[in-house]
Amino acid sequence: MTAERVVEARHLVKRFGSFEAVKGIDVAIDRGESFGFLGPNGAGKTSTMRMMSAVSQPTEGTITIFGLDPRTDGPDIRRRLGVVAQEDSLELELSVRLNLEMFGRYFDLPRRVVRERVDELLDFAQLTERADDKVDNLSGGMKRRLTIARGLINQPEILILDEPTTGLDPQARHLLWDRLYRLKREGVTLIITTHYMDEAEQLCDRLVVMDRGTIVAEGAPRTLIERYSTREVVELRFSTDDHEEFHSRLSPFAERVEVLPDRVLLYVNEGDETLMEIHAAGITPSSALVRRSSLEDVFLHLTGRTLTD
Amino acid sequence: MTRLALFGTRRSLRILERNALVYRSQWLMLVSGFFEPLFYLLSIGIGLNHLVGDLHVHGRVVSYATFVAPGMLATSAMNGAMIDTVFNTFFKLKISHTYDALLSTPLEVTDVALGEVWWALARATVYGASFIACMALLGDAGSWWVVLCWPGAILTSLAFSCIGLAACTYVRSWQDFDLVTLVQLPLFLFSATFFPISLYPRWLGAIVSFSPLYQSASLLRGFSLGQFDWMMVIRAGYLVAIALVGLRIASQRFRRILTP
Ligand SMILES: Nc1ncnc2c1ncn2[C@@H]1O[C@H](COP(=O)(O)OP(=O)(O)OP(=O)(O)O)[C@@H](O)[C@H]1O
Ligand SMILES: [Mg+2]
């Protein structure tokens, strides 16, 4: 049995005036998948998410969500989506509880159903004690948690999360991951953008890397690492203001060398071996570290930038 | 109306619900709405009543207070609708970004614009009733037909809330509100709300007849005095037309701003 396509985008273009933020991307997402978008600032992730949320219309190309066209069936599509946008935009004057209740009303949910779900969601967001506080008085992370909870009020089939964990403390992040696993097991499709590669590796079955409006790579996290990086990475730091000078000296030792402001990365298969060769050649870094390749390296290779930049 | 449009209308009522919820915590503002008519009627009505004396309106002698009260009602409906839409909606549209989250629910941009109009009308319904009650109590109602001023005030609020919604989309910062005042004040002063338009030279009267506030005040005055003529149909039609144009512009501008 083939899985049901829940999102299908063909040659999706988004222009703001003459500026092209999304330059003709193709994306297909199946029901139950968790799909990630990685990319540096301004890559076009949010613009893409807004089109997938049936909020903004593509300038060119087509997108179907649940097989429906957002241009004509926007309300029916959005009724089945949960959206956690990059910006919280909560009702600051209202209490935590009323924020959730009112949001449920936008989905035409009966008040009784909303009340039940609100209690569960307050618990999930760990805001039960703050339920009657004005949202204005919450901390940034609490607001983020409330925004995430709000996106679940209609028990969506697809949950779209635009940088959900930015601003969350580690404990809240892991709690959210747990909850997202649970939703995934229940069959909810997850679409996530993030700047944290551990999050992408943990949560995503499949992901794309976007850069300047285009998709530069696509695949499962492990596949991407195998395809775009070596098995291991040697990280070297030198006591110098400019690591660039080591680029040419180190290139003979590795498949690829990346110079960052504070360190040099050598892409190799056997890290320890390489390190010995370097020492033997009389090059003495102030610190050295051998580790396995990660998504961060894929990202750096593809976009020339670090994930959190 | 198509089925789709009807659904849209129903969805837009959620905005009404939302505003009621938010303003519940701002009851002071709601109460002030009740006092406003009293201030108008007491200050301008009673104050000037003795100075001005009686007036002839279409062969009927009425006190100045009776003459001016419908004009004040029209002005109050205009101010209420404009403050609601221009100031509050600007805030929600461009400062607090309240609508951004709503648009990820089944609500559409047009529902949001229409919902804000419902809200303005709901307030006009309450304030209009209290204004008319004050008129009756102070003896400023020209006849029992004054009850028609109620839907008349709501119609006024409809026209001005749609104008206000369209206007607020052009506001870029708080400074721009001075421009709104710059339009609203002469509209109030020149719309023959507190004296008969016949006092104007012909040419000025012709210009003034384009003012929606003038049309509203004339309509309400006709209702209050129980003096009906076919011009009232045109006046009401004019206000409806303004509302439709305003709402259309507002919807398009909202769409451009909210879902670029
Ligand atoms: N409403 C708009 N008007 C004009 N330009 C816009 C608008 N929205 C986005 N852009 C531009 O489109 C590009 C992509 O923006 P987008 O928000 O999609 O990036 P992003 O990948 O989400 O970045 P970030 O990681 O910073 O959230 C940026 O250059 C941005 O300035
Ligand atoms: Mg973004």
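Each chain gets a letter, A, B and so on, in the order its sequence line appears, and its residues count up from 1.
Contacts of residues 240-260 of chain B with chain A at a heavy-atom distance below 4.5 Å involve B:L258, B:T259, B:P260, listed in sequence order.
At least one side-chain heavy atom of B:S104 sits under 4.5 Å from a side-chain heavy atom of A:F103. The closest side-chain heavy-atom distance from B:D100 to A:E87 is not below 4.5 Å. At a threshold of 4.5 Å between non-hydrogen side-chain atoms, the residues B:R11 and A:Y106 do not count as touching. Taking 4.5 Å as the limit, every side-chain heavy atom of B:L21 sits out of range of all side-chain heavy atoms of A:E101. Contact check for B:T105 versus A:R78: no side-chain heavy atoms found under the 4.5 Å cut-off. You'll find the side chain of B:R18 stays beyond 4.5 Å of the side chain of A:R105, heavy atoms only.
In this structure, CG on A:L92 lies 7.5 Å from OG1 on B:T98, to the nearest 0.5 angstrom.
Contact of A:F16 with chain B is made through the side chain alone, with heavy-atom distances under 4.5 Å. A:R50 touches chain B through its side chain: at least one heavy atom from C-beta onward sits under 4.5 Å away, while N, CA, C and O do not.
Within a 6.0 Å sphere centred on CD of A:E129, heavy atoms belonging to other residues, nucleotides or ligands number 12 at most.
Comparing A:V55, A:V83, A:T59 by heavy-atom pairs within less than 4.5 Å of chain B, the highest count is held by A:V55.
Under the 4.0 Å criterion applied to side-chain N and carboxylate O atoms, B:K92 and A:E93 are not assigned as salt-bridge partners.
For the ring pair (Phe, Tyr, Trp, His ring centres under 6.0 Å) test, no residue two or more places apart in sequence or in another chain qualifies with B:F131.
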Would you tabulate the side-chain donor-acceptor contacts of residues 132-139 of chain A under 3.5 Å, counting partners in other chains and residues two or more places apart, or write 'none'?
residue : atom : partner : partner atom : Å
A:D133  : OD2  : A:R130  : NE           : 2.7
A:D133  : OD2  : A:R130  : NH2          : 3.2
A:S139  : OG   : A:M142  : N            : 3.3

Using residues 149-168 of chain A as the side-chain source, report each donor-acceptor pair under 3.5 Å to any protein atom, sequence neighbours left out, with the distance given to one decimal.
residue : atom : partner : partner atom : Å
A:R150  : NH1  : A:S89   : O            : 3.0
A:R150  : NH2  : A:D88   : O            : 3.0
A:N154  : ND2  : A:R79   : O            : 2.9
A:N154  : ND2  : A:L81   : O            : 2.9
A:Q155  : OE1  : A:R117  : NH2          : 3.2
A:E157  : OE1  : A:R31   : NH1          : 3.3
A:E157  : OE1  : A:R31   : NH2          : 3.1
A:E157  : OE1  : A:R80   : NH2          : 3.1
A:E157  : OE2  : A:R80   : NE           : 2.8
A:D162  : OD1  : A:T193  : OG1          : 2.7
A:D162  : OD2  : A:T46   : OG1          : 2.7
A:E163  : OE1  : A:T166  : OG1          : 3.2
A:E163  : OE2  : A:Q86   : NE2          : 3.2
A:E163  : OE2  : A:H195  : NE2          : 3.0
A:T165  : OG1  : A:E199  : OE1          : 2.5
A:T165  : OG1  : A:E199  : OE2          : 3.1

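Minimum heavy-atom separation, B:R14 to A:D108: NH2-OD1, 2.6 Å.
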